[in-house]
Amino acid sequence: MSALSLNQRLVEYKKLMRLDKPIGILLLLWPTLWALWVAADGRPALLHVLIFVLGTVLMRSAGCVINDYADRDFDGHVERTKERPLAAKRVSTKEALLLAAGLSLLSFVLVLPLNGLTIALSVPAVFLAGSYPFTKRFLAIPQAYLGIAFGFGIPMAFAAAQATVPLEAWVMLVANVFWAVAYDTEYAMVDRPDDLKIGIKTSAITFGRFDVLAVMLCYLATLLLLGWVGLAGGRGWPFGAGLAVAAGLMVYHYTLIRHRERGPCFKAFLHNNWVGAAIFAGWALDYLLRPVV
């Protein structure tokens, strides 16, 4: 590993944390924002929003570092990942572990102003983010585990706003699991040939020729579960419109992934940012237009 200047090292750390590729932050952030708005009846505390947004960035960054540490011996054999800092040996494993530990510690410090339940929930949140990369060794659908890790901001948001985690929070978490399986299967379809060679387990490999069907069924489950939460909460047409737009985007994704070509599948994965945004916009607009009692 050649010596790097401070600026070069910071650039490599930025790449290691994927700060140059914000899609992961957004896919983690949207469900958290859904929960913040629902838990606070459309009026989340500014402090809560700031803490959860910054916490999302920190935990996603830590998760990326751990992911690259876990996959450092595999990424070099995958065309899309062979130039990642750890795989290319521009960053040492010790540096990566120290960086991940520092990011996780900052995330924990960030939640200390919140109530005890939220602080307690931050412990499994860190465990989930750190352990997900290793599940690709033995879980047939590690994307489901990813959905729990990416969605754990949901029960934490409810805990922060209500000091409890009601049923709708867990339903939203399950909805996020289905959504994560859908979009990350699209992502896994890009790397399927390489993953088959190196022996990593992914949903795209597990679903086989039913991969496209599985993605669409997971999308449907996401919409149905979120629809139940909205109906149970008395939401109106703006929320329904948000779900309808999301459904339309999901249909568009079908046109991208049905031929299983790498480029369009990756485009569908990236496009899920707009699915999350549409659902949030519907929820936020619904609360905004509702008369204040």
Side-chain angles (χ1 to χ4, degrees), residues 1-29 54-110 122-153 180 183-184 187-188 190-192 194-205 266 269:
M1 184 172 62
S2 59
L4 299 175
S5 69
L6 177 60
N7 284 340
Q8 290 174 322
R9 195 166 296 281
L10 291 176
V11 169
E12 295 301 328
Y13 290 169
K14 177 182 176 181
K15 291 179 181 178
L16 190 58
M17 294 186 287
R18 302 278 212 287
L19 293 179
D20 57 330
K21 297 178 180 178
I23 181 61
I25 293 173
L26 294 168
L27 293 175
L28 184 57
L29 181 61
L54 184 54
T56 293
V57 175
L58 290 172
M59 283 311 303
R60 187 264 182 166
S61 299
C64 287
V65 176
I66 291 296
N67 181 79
D68 284 10
Y69 172 80
D71 290 349
R72 64 193 184 281
D73 295 328
F74 297 103
D75 283 345
H77 301 284
V78 178
E79 182 64 29
R80 189 179 49 79
T81 61
K82 65 182 182 181
E83 287 303 317
R84 286 179 175 174
L86 269 173
K89 301 188 184 305
R90 294 192 299 272
V91 173
S92 71
T93 55
K94 181 180 179 180
E95 286 177 283
L97 290 174
L98 287 173
L99 181 59
L103 291 166
S104 300
L105 180 60
L106 284 174
S107 299
F108 180 73
V109 170
L110 197 62
S122 72
V123 176
V126 170
F127 172 79
L128 288 165
S131 58
Y132 158 70
F134 300 94
T135 64
K136 289 178 280 186
R137 309 294 190 274
F138 58 88
L139 287 183
I141 307 178
Q143 283 77 7
Y145 196 94
L146 174 70
I148 300 173
F150 264 33
F152 215 74
Y183 66 63
D184 212 57
Y187 185 85
V190 177
D191 292 335
R192 178 159 41 196
D194 294 319
D195 290 340
L196 283 168
K197 291 177 184 176
I198 61 182
I200 287 180
K201 297 181 184 296
T202 72
S203 55
I205 293 171
F266 191 64
F269 163 72

**Message:** Going by the rule side chain to side chain contact (heavy atoms under 4.5 Å, CB included), which residues pair with I148 if we only count those two or more places apart in sequence or in a different chain?
**Reply:** L128, F152, V177

**Fill in**
Contacts of L29 meeting side chain to side chain contact (heavy atoms under 4.5 Å, CB included) (sequence neighbours excluded), chain-then-number -> L33, V53, T56

**Request:** Enter the distance from L10:CG to L16:CG here, rounded to the nearest 0.5 Å.
**Result:** 12.0 Å

**Prompt:** Y145 vs Y132 aromatic rings, parallel, tilted or perpendicular, using cut-offs 30° and 60°?
**Reply:** parallel

**Request:** Look up atom CG in L146 and atom CG in L27, then write down how far apart they are to the nearest 0.5 Å.
**Result:** 9.0 Å

**Prompt:** Is there a donor-acceptor contact under 3.5 Å from the side chain of E12 to the main chain of V91?
**Reply:** no

**Message:** If I take atom CG from residue L139 and atom OG1 from residue T202, how far apart are they, to the nearest 0.5 angstrom?
**Reply:** 12.0 Å

**Request:** Locate the shortest heavy-atom distance separating G55 from L110; write the atom from each residue and the value.
**Result:** N-CD2, 3.3 Å

**Item:** M17 and C64, any side-chain heavy atoms less than 4.5 Å apart
**Value:** no

**Request:** Return the minimal non-hydrogen interatomic distance between A100 and A62, and the atom names on each side.
**Result:** O-CB, 4.1 Å

**Item:** Closest heavy-atom pair and its distance - A188, Q143
**Value:** CB-NE2, 3.9 Å

**Fill in**
Interatomic distance, CG@L98 vs OG@S92, rounded to 0.5 Å, equals 8.0 Å

**Message:** Using side-chain heavy atoms (C-beta onward) and a distance below 4.5 Å, is D184 in contact with S203?
**Reply:** no

**Prompt:** How long is the span from the CD1 atom in I141 to the OG1 atom in T135, to the nearest 0.5 Å?
**Reply:** 11.5 Å

**Prompt:** side chain to side chain contact (heavy atoms under 4.5 Å, CB included) with S107: which residues, sequence neighbours excluded?
**Reply:** L58, M59

**Between CD1 on residue I23 and OH on residue Y187, distance to nearest 0.5 Å** = 10.5 Å

**Prompt:** After noting the C-alpha distance and the side-chain angles of Y69 and T93, does the key distance pass the side chain to side chain contact (heavy atoms under 4.5 Å, CB included) rule?
**Reply:** CA-CA 7 Å; Y69 172 80; T93 55; 3.9 Å; yes

**Asked** Would you say the side-chain atoms of R60 pair up with the backbone N or O of R18, donor to acceptor, closer than 3.5 Å?
**Response** yes

**Prompt:** Will you find, in the side chains of E95 and Y13, an N or O donor that is under 3.5 Å from an N or O acceptor?
**Reply:** yes

**Message:** Using side-chain heavy atoms (C-beta onward) and a distance below 4.5 Å, is L19 in contact with I25?
**Reply:** yes

